[in-house]
There are 2 protein chains.
Amino acid sequence: MSRPTIAGVAREAGVSVASVSRVLNGLPATDEMIERVQRAVDELGYVPDARARSLNGMARGYADGLVISPLRVDEDLIKSIRECEVPVVVAGSVPAKAGVDTVRANSPKGMLLAVEHLVSRGRRRIAFLNGPADTVPGEARAKGFADALRAHDLQPAAIAEAADFTFAAGRATAPTLLGKQRIDAVIGANDLLAVGLMHELAAAGLQVPGDVAVVGMDDSELAEQCFPPLTSVNLGSAERGRRAAELLLARIEDNSRAPRRIVVQPSLSVRKSTP
Amino acid sequence: MSRPTIAGVAREAGVSVASVSRVLNGLPATDEMIERVQRAVDELGYVPDARARSLNGMARGYADGLVISPLRVDEDLIKSIRECEVPVVVAGSVPAKAGVDTVRANSPKGMLLAVEHLVSRGRRRIAFLNGPADTVPGEARAKGFADALRAHDLQPAAIAEAADFTFAAGRATAPTLLGKQRIDAVIGANDLLAVGLMHELAAAGLQVPGDVAVVGMDDSELAEQCFPPLTSVNLGSAERGRRAAELLLARIEDNSRAPRRIVVQPSLSVRKSTP
DNA sequence: GTGAAAGCGCTAACAA
DNA sequence: TTGTTAGCGCTTTCAC
C-alpha cells in the first residue's frame, strides 16, 4: 500500500537497483536498460524519495547555498557564515574584512533623491517619519535623512519615530509631526508609514500634494494603489534579490573566486503625492 | 569538519547510539544517562539530521497532513485525495459524497450583505466589476451578485469582467462600467479590483461615496489603507485557515471520525467608501 | 534501562 | 555497461 521504492522498480524491471538509480540520474546505460526501467517506473508510478536521496553525499543537504538578510550583524554572525557548510551570500551590510559576497541597497543615496526631488519642487520645510531608530533600516534612514538635508543646507522641519514600520503606527505617530511647526513635505521611512500619514493629513484637512508633499520608500504596490499615488524611493529590492541569487550561483559553481560586494543604486518613482 | 552525527555524540558520551536516540526523543532513561548525553550534545553542538530522521517509519514523511485549496475540483482530484497517504482537508467546495473534511466560505451570502448594505443606504443602480468568470471565485461571485439583486427586485446596472483579479485589470476595465448608464454603486469581486476602479472614478471626477459607493471583497489590508477606506466583505479567510488546521489536526489524531463540512459565515466591514 | 544490530530508500565505490 | 555491496544518520526491535 505504501509508495513503491527503487527496489520495487528493480524487481519489476528485472534489473539491479543500481541500474535503476543510474537510469534515473541520467548516467550511461544501454537503450534497452533505459527502456525497461522507464516502463517499470511508469507502471508503478514510482517517485524517488527526496529524503533518502539527499542522505548520501555530504554536499547535498537541504540547500546548496544560502542568501541571508540579517537584521543585526555581529562577530557571531560572521563566524557562523564562515563555518557554514554551504556558500552564503549576505543581502545587507557586512564589513569588507568578513570576506563574504554581499549585495546591498544605498539608502543614503535614496534619501538624497527624495530630498532633491522635494527641493526641486520648492519644498523646504521637510519632515521625516521614521520607524524604530534602533533597527538597521531605521538607523540608516535617520542618518541618510540628516545627511541629505545638510547637503541642501536645510534643517529638519520635524522628526518622529513610529513604534514600528506599519500603517497603524504611521497613523498613530503622524499627529506628532503635524502638531509641530508648519511643514510642506514629509518623507516616510517606508510606504506603509507614508500612507498612514496621508490618512491623517486628510483627516486634518490638508491636501496632498497641495499643502504637504509626501514621499515613501520601497516603491511597493501600495505606493501605486493608494490615493493619491505615492512618490516613492525604489531601493531596488527585486534587483538586489536577483543579484544575490547570481552571486550565490556563481560561488556554488566556483568557491575560489574573490568575494564581490555589489551596491544596487536607488531610483525615484515619481507619482501624484508630490507636485 | 562536517557536522557531528549521533555516533559522535555516542562516542563522546561513552554510550550507545541507541541510548542517544532515546534520550533525544524523550524515551525513558536514567538521569545519569540523560545528563551524559546532554553534555555531549552541547559539547559537540550536535543537531539531528531531519532527513535521516524522517527516513524511518512510513508515516513520518515531509508532512503529516495536507490542507489544499484547489482552483478546480474534478474526479481526478477526489481520487487523488482518497489515495493520499496522509489526511487531506479541502479549503473550498467539494461534493459531500467525496467524504472529505472541508471548510468553505459563503460568498453568495457575502454578496447579499454587500447588496443589502448598499440598498439600505439608498443605492439602487448597482454595478458589478468581476474578475474572469471562468474561475471558481469569478463564477460564484457572478451568480451571487445576480441572486442578491434578484432578492431585492433589482436589475444589474452594469456588469464588467476584468482580465484578472488585479489592480491594473480593475483600472483597465472600470471605464466599461462608467461609460454605461448612470450607476450609484459598484461591487468589486475583490479589493484590488475595487481600488483600481476607485482610481478611475477619481479620474472621471466622481466622488466616493458621494456619487458612487464602492464595496470590495476580501477585507484585505488594502481596504483599510486605501483612500477613502473601502467597505469590504470579509469572507473569513483567516478563520477558514484556522478551522482547516483544526480539522486536519483532529483527523491526524483520529482518522476514523466522520467527515465534517464547515461553512464560515461572511461579515461586512463598513468603511468610508459607502455612505 | 541499555546496547547490538537490522533496516529506512537511495547513491557510489568496486568488481565483474 | 551492469550487478554487488557498503554505507548515509537515524530509529527501532530484540536480547541482555
Side-chain angles (χ1 to χ4, degrees), chain A residues 1-65 83-86 252, chain B residues 1-65 83-86 252:
Chain A
M1 197 57 263
S2 63
R3 281 168 44 168
T5 73
I6 199 173
V9 176
R11 201 177 314 120
E12 173 82 16
V15 302
S16 74
V17 292
S19 296
V20 176
S21 174
R22 271 188 229 103
V23 171
L24 259 31
N25 292 308
L27 296 175
T30 57
D31 284 357
E32 198 213 324
M33 175 64 81
I34 296 177
E35 161 76 19
R36 297 176 65 164
V37 170
Q38 202 52 259
R39 188 188 306 282
V41 164
D42 294 345
E43 193 72 36
L44 272 45
Y46 167 78
V47 178
D49 183 320
R51 301 166 294 176
R53 178 182 284 223
S54 73
L55 199 50
N56 292 1
M58 289 288 28
R60 273 162 302 157
Y62 282 126
D64 295 326
E83 289 171 352
C84 189
E85 304 165 39
V86 294
I252 289 173
Chain B
M1 196 59 261
S2 63
R3 280 168 45 167
T5 75
I6 198 173
V9 175
R11 202 177 314 119
E12 172 82 15
V15 301
S16 73
V17 293
S19 297
V20 175
S21 175
R22 271 189 230 104
V23 171
L24 260 31
N25 292 309
L27 296 175
T30 56
D31 283 359
E32 198 214 322
M33 174 66 79
I34 296 177
E35 160 77 18
R36 295 176 66 163
V37 171
Q38 201 52 257
R39 190 189 305 282
V41 165
D42 293 344
E43 193 73 35
L44 274 45
Y46 168 77
V47 179
D49 183 319
R51 299 166 296 176
R53 180 183 284 224
S54 72
L55 198 50
N56 292 0
M58 290 286 29
R60 272 160 304 157
Y62 282 126
D64 295 326
E83 288 172 352
C84 189
E85 304 165 39
V86 293
I252 288 173

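Side chains are part of it too, since the values below use all heavy atoms of this structure and drop only hydrogens, waters and symmetry mates. So that the names make sense, note that chain A is the first sequence line, chain B the second, and so on, each numbered from 1.
Contacts between residues 36-48 of chain A and DNA chain D, defined by a heavy-atom separation below 4.0 Å, involve no residue at all.
Remark: R11(A) pairs with no residue by the side chain to side chain donor-acceptor pair (under 3.5 Å) rule, at least two apart or across chains. Scanning for side chain to side chain contact (heavy atoms under 4.5 Å, CB included) contacts around E43(B) gives E12(B), with sequence neighbours left out. E35(B) pairs by the salt bridge (charged side-chain N to carboxylate O under 4.0 Å, His left out) definition with R39(B), not counting sequence neighbours. Take S16(A) and apply the side chain to side chain donor-acceptor pair (under 3.5 Å) test, not counting sequence neighbours, and it matches S19(A).
Each end of the helix from dG1(C)-dC16(D) to dA16(C)-dT1(D) gets its own axis, taken as the rotation carrying the C1' atoms of four end pairs onto the next four within a five-pair window, and the two axes meet at 40° to the nearest 10 degrees.
Between atom OG1 of residue T5(A) and atom CG of residue L44(A) there is a gap of 9.0 Å, rounded to the nearest 0.5 Å.
When the P atom of dT12(D) is taken as reference, atom CG of N25(B) falls 7 Å away, rounded to whole Å. Rounded to an integer number of Å, the gap from L24(B) CG to dC10(D) P is 8 Å. Taking atom CG of residue D49(A) and atom C1' of nucleotide dG7(C), one finds them 14 Å apart after rounding to whole Å. To the nearest angstrom, P of dC10(C) lies 12 Å from CZ of R11(A). Between L27(B) atom CG and dT12(D) atom P there is a gap of 8 Å when expressed in whole angstrom units.
For residues 18-27 of chain A, there are no salt bridge (charged side-chain N to carboxylate O under 4.0 Å, His left out) pairs, not counting sequence neighbours.
The minimum heavy-atom distance between Y46(A) and I6(A), with the atom names listed, is CE1-N, 3.5 Å. In terms of heavy atoms, A7(A) sits closest to V17(A) at CA-CG1, 3.8 Å.
A close approach under 4.0 Å does not occur between any side-chain nitrogen or oxygen of N56(A) and OP1 or OP2 of dG9(C). A sub-4.0 Å separation between OP1 or OP2 of dT11(C) and a side-chain N or O of R53(A) is present.
Base engagement by S21(B) is indicated by at least one non-hydrogen atom pair under 4.0 Å involving a base atom.
Counting heavy atoms from C-beta on, the side chains of V20(A) and V15(A) come closer than 4.5 Å.
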List every contact pair, protein side and nucleotides 1-3 of chain C side both N or O, where the distance is under 3.5 Å.
unit_1	atom_1	unit_2	atom_2	d
dT2(C)	OP1	T30(B)	OG1	2.5
dT2(C)	OP2	T30(B)	N	3.0
dG3(C)	OP2	S16(B)	N	3.3
dG3(C)	OP2	S16(B)	OG	3.2
dG3(C)	OP2	S19(B)	OG	2.2
dG3(C)	N7	R22(B)	NH2	2.7
dG3(C)	O6	R22(B)	NH2	2.8

For residues 24-33 of chain B, which side-chain N or O atoms pair as donor and acceptor with protein atoms under 3.5 Å away, sequence neighbours left out?
unit_1	atom_1	unit_2	atom_2	d
N25(B)	ND2	S21(B)	O	2.9
T30(B)	OG1	M33(B)	N	3.2
E32(B)	OE2	R36(B)	NH1	3.4

